[in-house]
Protein chains: 2
Amino acid sequence: MGEFKNVTAVKKANVYFDGKVTSRTIIFEDGERKTLGIMLPGDYEFGTGDKEVMEILGGAMDVKLPGSDKFDTYKEGDTFIVPANSKFSLIVKEVADYCCSYIKE
Amino acid sequence: MGEFKNVTAVKKANVYFDGKVTSRTIIFEDGERKTLGIMLPGDYEFGTGDKEVMEILGGAMDVKLPGSDKFDTYKEGDTFIVPANSKFSLIVKEVADYCCSYIKE
């Protein structure tokens, strides 16, 4: 699980929040798309298009999922799912490394 | 030149300077290794092992190469080369996106 083989890596980064959140897009042979990203400490709100599966690769983040009224902490090895076409809030207290998978429904 | 095909992408990020400099490692079929990275504003010094070819994909950085006594600005589309086993200094004033190639000599 430490690497993705036979993939296409998009050179240019995706940059959000003045570079405090950045990611690289990885495309698989079957067309599936993931991003490998970094979040620096800060408070963020994101909107989803496709459903997202977020795997924490390093660090930690506090997440308020759609329909929840509280933040839960996710750390290295944890995963959370965000429904399609929704919004979620994040509080990042230490540098977080993540892998986001986009799921067509 | 917008993407690298048939590569292996290492999941975990390389994190330096409290996350102000991060990169992802991409490995090619012939074993060549590149990193795709982001530098947030700051002053940095790096040491090389292998010779490095640095291509600026976005933003800009001021670079003082080994043997030089001044900083030169490199911006999107520019490339500079750092000799093996040397040190170079960077002043980053805006978020910089880069691709670094490691050249075995």
Side-chain angles (χ1 to χ4, degrees), chain A residues 1-42 44 53-61 75-79 90-102, chain B residues 1-42 44 53-61 75-79 90-102:
Chain A
M1 274 304 288
E3 49 191 42
F4 297 126
K5 293 183 185 294
N6 301 314
V7 296
T8 295
V10 177
K11 278 180 82 173
K12 247 186 171 323
N14 312 304
V15 179
Y16 311 97
F17 299 102
D18 295 326
K20 291 176 72 179
V21 178
T22 59
S23 70
R24 303 279 171 181
T25 301
I26 305 293
I27 304 163
F28 291 73
E29 284 178 295
D30 63 1
E32 191 199 341
R33 190 168 57 90
K34 295 181 193 283
T35 53
L36 291 169
I38 291 283
M39 295 185 192
L40 296 193
Y44 309 107
V53 177
M54 283 280 288
E55 176 189 358
I56 313 303
L57 304 176
M61 54 183 74
K75 57 188 196 315
E76 185 169 336
D78 292 341
T79 294
L90 295 171
I91 301 172
V92 177
K93 292 172 185 162
E94 55 179 305
V95 179
D97 185 7
Y98 69 88
C99 177
C100 183
S101 302
Y102 301 87
Chain B
M1 275 307 288
E3 49 190 42
F4 297 126
K5 291 181 185 294
N6 300 316
V7 296
T8 295
V10 176
K11 280 181 81 173
K12 249 186 168 323
N14 311 303
V15 178
Y16 312 97
F17 298 103
D18 294 325
K20 291 176 73 180
V21 178
T22 58
S23 70
R24 303 279 171 181
T25 302
I26 305 294
I27 304 163
F28 291 73
E29 284 177 295
D30 64 0
E32 191 199 341
R33 190 168 58 91
K34 295 182 193 281
T35 52
L36 292 168
I38 291 283
M39 294 186 192
L40 295 192
Y44 309 107
V53 178
M54 283 280 287
E55 176 189 359
I56 313 303
L57 304 177
M61 54 184 75
K75 57 185 195 316
E76 186 170 336
D78 292 340
T79 294
L90 296 170
I91 301 172
V92 177
K93 292 172 186 163
E94 54 179 305
V95 180
D97 185 7
Y98 69 88
C99 178
C100 182
S101 303
Y102 301 87

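In what follows, every chain begins at residue 1, and chains take the letters A, B, ... in the order their sequences are listed.
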Please lay out, stage by stage, how A:V7 and B:T8 fare under the test side chain to side chain contact (heavy atoms under 4.5 Å, CB included). CA-CA 6 Å; A:V7 296; B:T8 295; over 6 Å; no
Drop me the distance from A:L57's CG to B:K11's NZ, to the nearest 0.5 angstrom. 5.5 Å
Restricting to salt bridge (charged side-chain N to carboxylate O under 4.0 Å, His left out), what partner residues turn up for A:K20, sequence neighbours left out? none
Which heavy-atom pair separates A:I26 from B:A9 by the least distance, and what is that distance? CD1-CB, 3.7 Å
As an exercise: rank B:G59, B:G37, B:P41, B:C99 by heavy-atom pairs under 4.5 Å with chain A and give me the winner. B:G37
Set of salt bridge (charged side-chain N to carboxylate O under 4.0 Å, His left out) partners for A:E76, sequence neighbours left out: B:K12
Using a cut-off of under 4.5 Å for heavy-atom pairs, which of B:T25, B:I27, B:T22 has the most such pairs with chain A? B:T22
Return yes when atom CG of A:D18 has more than 12 non-hydrogen atoms of other residues, nucleotides or ligands closer than 6.0 Å, and no otherwise. no
So how far is it from A:I38 CD1 to B:S23 OG, rounded to the nearest 0.5 Å? 9.0 Å
Compare all side-chain heavy atoms of A:V15 with those of B:D97 and state whether any distance is below 4.5 angstrom. no
Most chain A-contacting option - heavy-atom pairs closer than 4.5 Å, from B:V95, B:L36, B:N6: B:L36
